[in-house]
A.B. asks: 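Handing you a structure now.
The figures that follow rest on heavy atoms only: side chains count, while hydrogens, waters and symmetry mates do not.
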Amino acid sequence: MDISTLLAFAAAFFVFAASPGPDNMTIVARTISHGAASGIAYGAGTVVGILFFLTLAAFGLSVIAAEMGIVMTILRYAGAAYLIWMGVKLWTAEPVVPDLLPVSERRGLLSIFATGVALNLGNPKMPLFYVALLPNVVGASLTPGHIAALAAVILAVEIVVIGGHVVLAGRARKLLRTPTVVRRVNRTAGGVMIGAGVAVVASK
């Protein structure tokens, strides 16, 4: 696989990853409300889901993944319900200045990570993206070396995209210095999460 092919894939995937959507909105909302670790945990979960579909697509199983309707639907609704639940909790939470917030527990980060995985495994557009992209940009036949190279590109792109969202949201978080401002931001972030959950449910 030559460098031009990898660059073409990287450009196409960057557009896909950086486009506004529930995942990026949730990364921003989690970072603002609970800190960078929470945003990164959710982002890492989305990357695992993306790499899972890359593996399926590389071995010619994307059509099977696309046909796993009931499993994908369950994962999508479960993840969306959890996003909405987190949004409601954030909307109704007592405002606490970020410096006084407790450090996120490992179990809490794992649940956020699992939500990111579930929502991406339940995303019906993910296998279709790879079905359309891989044959046209990369070619129909992939070796383990090709898969590793594509996975490395995906990781590099996602580090830039997720890192960028976390950094920008982290800067916004530093402005939260009074309970009144924190309450407004909590409700905004909670509304974004609820909206992201609804968007996931509505997607087809």
Side-chain angles (χ1 to χ4, degrees), residues 13 16-57 61-62 64-93 101-130 151 154-167 169-170 173 186 189-204:
F13 184 76
F16 175 76
S19 299
D23 283 337
N24 289 333
M25 288 191 297
T26 302
I27 290 170
V28 170
R30 292 298 303 180
T31 301
I32 290 176
S33 62
H34 290 82
S38 185
I40 292 171
Y42 182 88
T46 67
V47 173
V48 169
I50 290 168
L51 293 177
F52 173 80
F53 276 119
L54 170 66
T55 304
L56 287 185
L61 300 178
S62 288
I64 295 176
E67 294 299 326
M68 293 171 59
I70 186 64
V71 176
M72 300 302 177
T73 299
I74 291 173
L75 287 172
R76 185 169 77 252
Y77 282 124
Y82 188 60
L83 271 185
I84 293 171
W85 178 71
M86 287 192 299
V88 171
K89 282 189 63 178
L90 194 54
W91 181 279
T92 59
L101 286 174
V103 177
S104 297
E105 296 181 356
R106 181 180 179 183
R107 180 166 36 177
L109 293 178
L110 286 176
S111 67
I112 296 299
F113 171 81
T115 301
V117 175
L119 283 176
N120 275 269
L121 291 183
N123 185 351
K125 297 178 182 178
M126 192 67 68
L128 297 178
F129 170 77
Y130 283 117
I154 288 172
L155 288 173
V157 170
E158 287 290 359
I159 286 172
V160 172
V161 172
I162 294 172
H165 282 86
V166 169
V167 168
R173 178 180 167 86
N186 280 350
V192 168
M193 286 187 190
I194 293 170
V198 171
V200 168
V201 172
S203 66
K204 293 182 180 181

A.B. asks: What residues form a side chain to side chain contact (heavy atoms under 4.5 Å, CB included) with W85, not counting sequence neighbours?
C.D. replies: Y82, K89
A.B. asks: Got a donor-acceptor contact below 3.5 angstrom from the T46 side chain to the G43 backbone?
C.D. replies: yes
A.B. asks: Identify the two heavy atoms, one from V166 and one from G39, that lie closest to each other, and give their separation to 0.1 Å.
C.D. replies: CG2-C, 4.3 Å
A.B. asks: Nearest 0.5 Å, please: how far is CD1 in I50 from CD1 in I154?
C.D. replies: 7.0 Å
A.B. asks: If you apply the rule side-chain contact (heavy atoms from CB on, under 4.5 Å), what do you find for D23 with Y42, and how did you get there?
C.D. replies: CA-CA 8 Å; D23 283 337; Y42 182 88; 2.7 Å; yes
A.B. asks: Assess whether side-chain contact (heavy atoms from CB on, under 4.5 Å) is satisfied between T115 and T26, documenting all intermediate values.
C.D. replies: CA-CA 11 Å; T115 301; T26 302; over 6 Å; no
A.B. asks: Can you check side-chain contact (heavy atoms from CB on, under 4.5 Å) on F113 and V48, steps first, answer last?
C.D. replies: CA-CA 9 Å; F113 171 81; V48 169; 3.6 Å; yes
A.B. asks: Taking the side chain as every heavy atom from C-beta outward, state whether I27 and V161 have any pair of such atoms under 4.5 Å apart.
C.D. replies: no
A.B. asks: Going by side chain to side chain contact (heavy atoms under 4.5 Å, CB included), name the residues that satisfy it together with A169, two or more places apart in sequence or in a different chain.
C.D. replies: V28, T31, I32
